[in-house]
Protein chains: 2
Amino acid sequence: MDREDLGALFARATRRLVDAERPLLAARGLSMWDYVVLSHLAREPAGTQLALARAIGYDKTRLIGLLDALEREGFVTRTPDPADRRARIVSLTPAGATLHAAAQADVHAMEDELLAHLSPTARRRLVATLTELTSGTPDD
Amino acid sequence: MDREDLGALFARATRRLVDAERPLLAARGLSMWDYVVLSHLAREPAGTQLALARAIGYDKTRLIGLLDALEREGFVTRTPDPADRRARIVSLTPAGATLHAAAQADVHAMEDELLAHLSPTARRRLVATLTELTSGTPDD
DNA sequence: TATTGTTATACTCTATAACTATA
DNA sequence: TATAGTTATAGAGTATAACAATA
């Protein structure tokens, strides 16, 4: 009866992580969505814009301006899909890959610090549980 | 090196929880922030508007319209603080307490279902870890 | 002078509809 | 006819400034 809502716990933990992450990314000129895009491209290169938008749960119309900026700065490229001339394949440039690696290193260092007082076992369990929780049906 | 960002994991888990929670609350005419307010009042009654806003991390100016609606529907009351006539004490009405209990029952049932494939031990550990992670410095 | 609740205003983020070029 | 990318527009959510009453 007196149990705390799981959603509230998760929301608070997420907000703390995001609040700590945002300034690190901003220091490299990246918004949170910029980072999400770079991270996804680092993991799964050579997808179409629409596939990218769906994969990260972002609106396809909003993705456009975001990619415009990243492309202008030389971090991603948009090349026409030879198989379907309507579609455009988004890829990381070497500079984009470097930027992502650096940003991710910052983020991971912050996470390590935040979870410092957790035992390695507790931490491993946490990641495993989270992964399991978020595994089924990525929805859209 | 190939490790997943913790923030991304948390954000995904939170989004899944919130997405499942929102329709349950909407069915009772509640927004997420409505529910957060009711939950806080159920736990810590008789605080001032400003204290409430700070406690739940919500803007004090946005809280006003939200309380207006909840008050109009008879779920909360605003009574002047005898000690400080500028301030107003927000409290749950019996109807508000009943509504919150019903909504929370729905939410908890959903959570139980979502975590059904987690062992009781894993689940207990998850809550403990989350609580520990969100315990220090509530910030604002 | 500072603070609580309030209002008004501006700004950001997000969602929807409509257009083009291809399929 | 439907789809990928784009643009424009409207709406929701959020932040900031200023005001009246009280401290």
Side-chain angles (χ1 to χ4, degrees), chain A residues 7 11-12 14-15 18-19 21-23 25-26 29-37 40-41 44-72 76-91 139-140, chain B residues 7 11-12 14-15 18-19 21-23 25-26 29-37 40-41 44-72 76-91 139-140:
Chain A
R12 217 174 306 154
T14 301
R15 191 157 77 100
V18 167
D19 285 350
E21 200 164 323
R22 212 184 301 274
L25 299 177
L30 293 175
S31 72
M32 190 60 70
W33 280 116
D34 287 331
Y35 181 64
V36 170
V37 164
H40 185 264
L41 292 178
E44 309 220 1
T48 169
Q49 275 188 213
L50 194 59
L52 172 59
R54 282 182 180 143
I56 65 176
Y58 198 56
D59 196 279
K60 67 165 185 170
T61 66
R62 282 183 280 152
L63 182 59
I64 293 166
L66 201 151
L67 289 180
D68 286 346
L70 287 176
E71 191 175 32
R72 205 180 313 123
V76 306
T77 56
R78 282 190 272 202
T79 57
D81 183 351
D84 182 345
R85 279 190 303 173
R86 294 171 303 179
R88 311 177 71 176
I89 306 290
V90 186
S91 311
D139 290 330
D140 42 328
Chain B
R12 218 174 306 155
T14 300
R15 192 156 77 101
V18 167
D19 285 351
E21 200 165 323
R22 214 186 298 275
L25 299 177
L30 294 173
S31 72
M32 191 59 71
W33 280 116
D34 287 331
Y35 181 65
V36 170
V37 164
H40 186 263
L41 292 178
E44 308 220 359
T48 170
Q49 275 188 215
L50 194 61
L52 172 60
R54 281 181 182 147
I56 65 176
Y58 199 56
D59 196 278
K60 67 165 185 169
T61 66
R62 281 182 283 153
L63 182 60
I64 293 167
L66 201 151
L67 289 180
D68 286 346
L70 287 176
E71 192 175 30
R72 206 180 313 122
V76 306
T77 56
R78 281 190 272 205
T79 57
D81 183 351
D84 183 344
R85 279 189 303 173
R86 292 172 305 180
R88 310 177 72 178
I89 306 289
V90 186
S91 311
D139 290 332
D140 40 330

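Proteins get letters first, then strands, A, B, ... in listed order; numbering begins at 1 in each. Quick caveat, the model's predicted, so the values are computed rather than measured.
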>> Give me the atom names and distance for the closest heavy-atom approach of B:T48 to B:A87.
In response: OG1-CB, 3.9 Å

> If we only count heavy atoms from C-beta on, is the B:D34 to B:L25 side-chain gap below 4.5 Å?
Replying inline: no

> Can you tell me how far P of D:dG13 sits from CG of B:D34, to the nearest Å?
Replying inline: 11 Å

>> Measure CZ/A:R54 against C1'/D:dG5 and give the value in whole Å, please.
In response: 12 Å

> Taking only side-chain nitrogens and oxygens of A:T48, does any of them come within less than 4.0 Å of OP1 or OP2 of D:dG5?
Replying inline: yes

> How does protein contact run along nucleotides 13-23 of chain C, one letter per nucleotide 5' to 3', with B for base contact, S for sugar-phosphate only, - for none, heavy atoms under 4.0 Å?
Replying inline: -BSBB---BBS

> Ignoring hydrogens and geometry, is there a side-chain-to-backbone donor-acceptor pair from B:E71 to B:R78 under 3.5 Å?
Replying inline: yes

> Between C:dT7 atom C1' and B:L63 atom CG, what is the distance in whole Å?
Replying inline: 15 Å

>> Distance check needed: D:dT6 C1' versus A:Q49 CD, whole Å only.
In response: 9 Å

> Could you state the CZ-P distance from B:R88 to D:dA21, rounded to the nearest angstrom?
Replying inline: 14 Å

> Nearest-Å distance, CD (B:E71) to C1' (C:dG5)?
Replying inline: 13 Å

> Is any side-chain heavy atom of A:V37 closer than 4.5 Å to a side-chain heavy atom of A:Y58?
Replying inline: no

> Quick one: B:I56 CD1 to D:dT14 C1', roughly how many Å, whole number?
Replying inline: 14 Å

> Within the pair B:R78 and C:dT6, is there a side-chain N or O less than 4.0 Å away from OP1 or OP2?
Replying inline: yes

>> Could you tell me if the side chain of A:R15 sits less than 4.5 Å from the side chain of B:T14, heavy atoms only?
In response: no

> Just checking A:I64: base, sugar-phosphate only, or nothing, at a heavy-atom cut-off of under 4.0 Å?
Replying inline: base

> Is the closest side-chain heavy-atom distance between B:R54 and B:L50 below 4.5 Å?
Replying inline: yes

> To the nearest Å, how far apart are A:L67 CG and D:dT7 C1'?
Replying inline: 15 Å

> When the nearest nucleotide of DNA chain D is assigned to A:A87 and to A:D68 on a heavy-atom basis, which residue is associated with the more 5' position?
Replying inline: A:A87

> Would you say the side chain of B:D68 lies within less than 4.5 Å of the side chain of B:R72, judging by non-hydrogen atoms?
Replying inline: yes

